[in-house]
Amino acid sequence: LAKTTQPISMDSYEGQEVNITCSHNNIATNDYITWYQQFPSQGPRFIIQGYKTKVTNEVASLFIPADRKSSTLSLPRVSLSDTAVYYCLVGFYSGNTPLVFGKGTRLSVIA
Amino acid sequence: GAVVSQHPSRVICKSGTSVKIECRSLDFQATTMFWYRQFPKQSLMLMATSNEGSKATYEQGVEKDKFLINHASLTLSTLTVTSAHPEDSSFYICSARDTSDSYNEQFFGPGTRLTVL
């Protein structure tokens, strides 16, 4: 599994765009990049997944450069309810291969 | 998306007693479920992989005789914390993968907060 590095914490004001970057220098050819969100006292929730270039859904965008050694999760116009821990996971997860979580980024959104 | 439930959501018990936590996949079958533990301000730590009809696979450092896992059906896995002690107090989260899902997404339960007095 590729080792990931992301900031421990970030602060943002409401309405701003937040970009969380994850480094994964030893990503393998068949690895995908997946982001999960976790609110306090809840299980993690899938946000977005990508392999290369850009992926966008109703919640976020994921930007992946050509070398795939990093990725950036972009949250548009955050609100207080986006305060959570965001985890970047890199690997090829299927069948009975469990997700392995790193430390994550604790995002605090301030009014 | 698929739903994973856990019961109970919160439990308080006395030291030395055993506690059972149930994990159910509500709208899909899961041959494999995963159990995680999370201490305050820390990340999720994988404890074991639960396989339907066979023995669970435990991560290094997790005592299999203390954390008994039973995966008796395709929709139910249970974790029993035996002879619980205060240091077992934690947030326990189960998870399952819907292998019919194109993203191979791993769905998580809401977690169970265990407090051992």
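The basis for the numbers below is simple: all heavy atoms, side chains too, and nothing from hydrogens, waters or symmetry mates. Naming: A, B, ... by sequence-line order, numbering from 1 per chain. Bear in mind that the values here come from a model prediction, so they are computed numbers and not experimental data.
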If you group Ile, Leu, Val, Met, Phe, Trp and Tyr by side-chain heavy-atom gaps below 4.5 Å, do [X] and [Y] land in one group?
X        : Y       : value
B:Met33  : B:Met47 : no
B:Leu114 : B:Val62 : yes
A:Val90  : A:Val55 : yes
A:Tyr86  : A:Leu80 : yes
B:Phe108 : B:Ile21 : no

Can you tell me which of A:Gly104, A:Pro44, A:Pro40, A:Gly43 forms the most heavy-atom pairs within a distance under 4.5 Å of chain B?
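Among the listed options, the one with the most contacts to chain B is A:Pro44.
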Side chains of B:Tyr36 and A:Pro98, heavy atoms from C-beta outward: is any pair under 4.5 Å?
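They are in side-chain contact.
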Contact between A:Gln38 and B:Ile93 at the side-chain level, heavy atoms closer than 4.5 Å - yes or no?
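The answer is yes, as the side chains (C-beta and beyond) meet within the 4.5 Å cut-off.
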Within this structure, what is the [atom1]-[atom2] distance for the pair [X] and [Y], rounded to the nearest 0.5 Å?
X        : Y       : atom1 : atom2 : result
B:Phe107 : A:Phe46 : CZ    : CZ    : 8.5 Å
A:Ser41  : B:Gln38 : OG    : CD    : 8.5 Å
A:Tyr87  : B:Leu44 : OH    : CG    : 5.5 Å
A:Asn96  : B:Arg97 : CG    : CZ    : 8.5 Å

Looking at B:Lys66, I want to see if its NZ is surrounded by more than 12 non-hydrogen atoms of other residues, nucleotides or ligands under 6.0 Å.
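Yes, because the 6.0 Å sphere around NZ of B:Lys66 holds more than 12 heavy atoms from other groups.
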Tell me whether the count of non-hydrogen atoms from other residues, nucleotides or ligands lying under 6.0 Å of CD1 in A:Ile8 goes above 12.
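Open.
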Can you tell which part of [X] gets under 4.5 Å to a heavy atom of chain B, answering side chain, backbone, both or neither?
X       : result
A:Tyr32 : neither
A:Thr34 : neither
A:Arg45 : neither
A:Tyr36 : side chain

Determine yes or no for a side-chain-to-main-chain donor-acceptor pair under 3.5 angstrom, with B:Gln106 supplying the side chain and A:Leu99 the backbone.
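Confirmed, B:Gln106 side chain pairs with A:Leu99 backbone.
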Hydrogens and angles aside, do B:Glu105 and A:Gln49 bring a side-chain donor and acceptor to less than 3.5 Å of each other?
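No - no donor-acceptor pair under 3.5 Å links their side chains.
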List the atom of A:Lys103, the atom of B:Ser43, and the distance in Å for their closest heavy-atom pair.
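Heavy-atom minimum between the residues: CA-CB, 4.2 Å.
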